[in-house]
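Report on the structure given below.
Just so it is clear: chains get the letters A, B, ... in the order the sequence lines come, proteins before strands, and each one is counted from 1.
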Protein chains: 2
Amino acid sequence: MAISNSNNRFSSKLTSQCQNCSLSALCLPIALADEDVNRLDQIIERKRPLKKGELLFHQGEEFNSVFAVRTGTLKTFNITNSGEEQITGFYCPSELVGLSGIDDNHYPISAKALETTTVCEIPFSHLEQLSSQIPSLKHQLFRLMSRKICDDQQMMVLLGKKNADEKVASFLLNLSHRFKKRGYSATSFRLSMSRGEIGNYLGLAVETVSRVMTRFQKNGLIDVDGKEISIVNLPEMEKLVGAAGECATIEHV
Amino acid sequence: MAISNSNNRFSSKLTSQCQNCSLSALCLPIALADEDVNRLDQIIERKRPLKKGELLFHQGEEFNSVFAVRTGTLKTFNITNSGEEQITGFYCPSELVGLSGIDDNHYPISAKALETTTVCEIPFSHLEQLSSQIPSLKHQLFRLMSRKICDDQQMMVLLGKKNADEKVASFLLNLSHRFKKRGYSATSFRLSMSRGEIGNYLGLAVETVSRVMTRFQKNGLIDVDGKEISIVNLPEMEKLVGAAGECATIEHV
DNA sequence: TTTGCTTGATGACTTAGATCAATTATTGAG
DNA sequence: CTCAATAATTGATCTAAGTCATCAAGCAAA
């Protein structure tokens with residue numbers, strides 16, 4: 001029940017947010033055992049909201065917790081030797097941030113709020129301990145990490161092999177699928193990141209992102225109004241990306 | 001003792017190969033408890049060697065095991081919708097392949113031998129079970145997966161932000177560090193992959209890889225003789241890549 | 001040894017996307 | 001609401017790296 005409100009803490013009833021949480025697969029299968037749900041629920045801290053631009057954690061900081069986004073959006077990035085920022089991911093509600101810090105006990109990236117954002121903090125040592133007692137919890141953790149590896153590798157394919165059109169289309173469809181999975185519209189949503197951030201993430205210049213999106217609109221693939229996006233011709237977009245089939249692209253957590 | 005010979009199975013003495021294995025951190029801390037080492041050792045299967053070009057597992061196949069490379073080299077790749085191969089990684093002795101299959105119980109990639117290669121097969125269900133009984137084993141598994149996430153993200157930075165020179169230099173230094181870590185020369189080694197495979201992995205055309213390496217040689221950075229590589233001017237190469245500092249680049253498992 | 005067959009190197013040319021520059025929208029602080 | 005600051009669009013040019021083409025060097029089969 002990572003994403004429930006505190007006043008539900010000791011209730012076995014799940015809030016609607018919980019049901020869409022990436023941790024739900026982690027919580028729900030064991031929801032029957034109220035005491036387990038409560039044990040998990042009790043290690044989770046709800047933090048005060050982050051304002052736009054605030055850091056959740058920064059590159060090099062000691063790792064203690066992973067975080068589930070409750071509302072809002074985060075980006076993760078690292079600062080390269082040449083001082084530029086390289087965005088490595090965007091995190092929507094119900095997604096988990098910080099797993100890369102487990103290895104050497106320090107976060108290798110920073111996480112920053114793109115808008116007002118609330119998160120659940122899950123102290124990793126507690127989670128790990130609890131996972132010893134609840135095998136299905138441990139298995140879900142392995143699965144989550146495996147999924148992340150899978151997704152990152154799809155991103156490598158995108159960066160290494162795709163052209164600008166395919167990159168932008170993949171990006172939009174990926175967001176679409178993530179929204180849909182959580183019960184929001186798959187065809188109409190708001191981008192919480194700037195064009196510059198999209199370009200940075202996709203390995204493209206801002207201008208290229210802008211041009212591609214304008215062209216997509218001209219060709220009737222999407223409808224752009226600032227940060228509001230509608231996918232008008234979903235099949236054509238999917239054709240552009242190259243249909244489904246690849247790993248967990250579509251199932252991006 | 002993932003990488004020991006079978007005749008050492010019931011001995012608590014670790015072979016030298018074991019000591020350099022990525023699983024050693026996973027084995028050695030518990031080496032004191034002979035019975036634990038034996039328990040781990042007993043679930044591991046040594047497979048017959050793979051010949052060059054043979055598949056260890058293929059994209060879509062049911063996931064059952066992760067594999068530790070004992071000798072030789074593997075590449076992992078997936079076939080994109082357009083039918084091209086995209087290489088996602090190279091695996092040297094002591095490195096672990098297959099973690100991306102945990103998520104949906106099927107490997108999302110294929111793994112192929114670049115030369116005669118032997119691996120230890122570690123049935124994941126057994127490993128997971130054992131990890132319930134040995135907390136340090138579980139922790140090491142989390143760390144290994146976290147490390148992989150970290151490394152893949154560095155690869156994303158490489159693909160998204162670096163130019164051809166930086167890509168090739170990063171690649172060579174990464175190999176160098178991995179060899180060094182295992183007690184081999186950091187400055188002189190043999191590439192088991194073709195120029196084409198390097199290019200595919202780095203998001204470059206074969207010709208570009210070839211030209212960059214030739215230029216590096218002209219500038220006295222490296223010495224190339226077919227697949228044999230010597231890094232002549234390590235400091236200059238490191239400067240080219242942009243020094244250390246980033247995540248686990250240098251600590252690539 | 002000869003005949004492919006594959007891999008790598010190198011030159012000539014092309015191009016996708018970057019960079020530079022100038023406008024035009026948005027945003028948000030006071 | 002107003003105005004500076006920031007973000008997005010659009011056009012003109014430039015360039016890093018891709019593509020195409022050729023040749024040389026290994027290597028394997030016969």
- Distance, rounded to the nearest Å, where B/Arg215 contributes CZ and C/dG8 contributes P: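 Rounded to the whole Å, the gap is 18 Å.
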- Item | Gap between atoms CD1 and P, on B/Ile198 and C/dT7 respectively (whole Å) | 13 Å
- Query: On DNA chain D, which is the earliest and which the latest nucleotide, 5' to 3', with an atom closer than 4.0 Å to a heavy atom of chain A?
  - Reply: D/dA8 to D/dA12
- Query: Which residue, A/Lys52, A/Arg190, A/Glu95, A/Glu115, forms the side chain to side chain donor-acceptor pair (under 3.5 Å) with A/Thr73?
  - Reply: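 When A/Lys52, A/Arg190, A/Glu95, A/Glu115 are each tested with A/Thr73, the side chain to side chain donor-acceptor pair (under 3.5 Å) holds only for A/Glu115.
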- Message: Considering every strand and a 4.0 Å limit on heavy-atom distances, what is the contact class for B/Ser210: base, sugar-phosphate, or nothing?
- Response: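 Contact class for B/Ser210: base.
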- Report yes or no: do B/Lys161 and A/Thr80 form a side-chain donor-acceptor pair below 3.5 Å? no
- Item | A/Asn78-B/Gln154 side chain donor-acceptor pair, cut-off 3.5 Å | yes
- Query: Can you tell me how far the CG atom of A/Leu114 sits from the OG atom of A/Ser192, to the nearest 0.5 Å?
  - Reply: 5.0 Å
- Task: Calculate, to the nearest 0.5 Å, the distance between atoms CD and OG1 belonging to B/Glu54 and B/Thr117 respectively.
- Result: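 Here the interatomic distance stands at 9.5 Å.
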- Message: Students often mix this up, so state it plainly: with edges at 30° and 60°, are the rings of A/Phe179 and A/Phe189 parallel, tilted or perpendicular?
- Response: tilted
- Message: Classify the ring geometry of B/Tyr107 against B/Phe67: parallel below 30°, tilted from 30° to 60°, perpendicular beyond 60°.
- Response: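 It falls in the tilted class, 30° to 60°.
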- Evaluate the criterion side-chain hydrogen bond (donor to acceptor under 3.5 Å, both in side chains) for residue pair B/Ser146 and A/Ser100; output intermediate values, then yes/no. CA-CA 5 Å; B/Ser146 172; A/Ser100 56; 5.9 Å; no
- Note on the structure: The contact string for nucleotides 11-30 of chain C, one letter per nucleotide 5' to 3', using protein heavy atoms under 4.0 Å with B, S and - for base, sugar-phosphate only and none, comes out as BB----SSBB----------
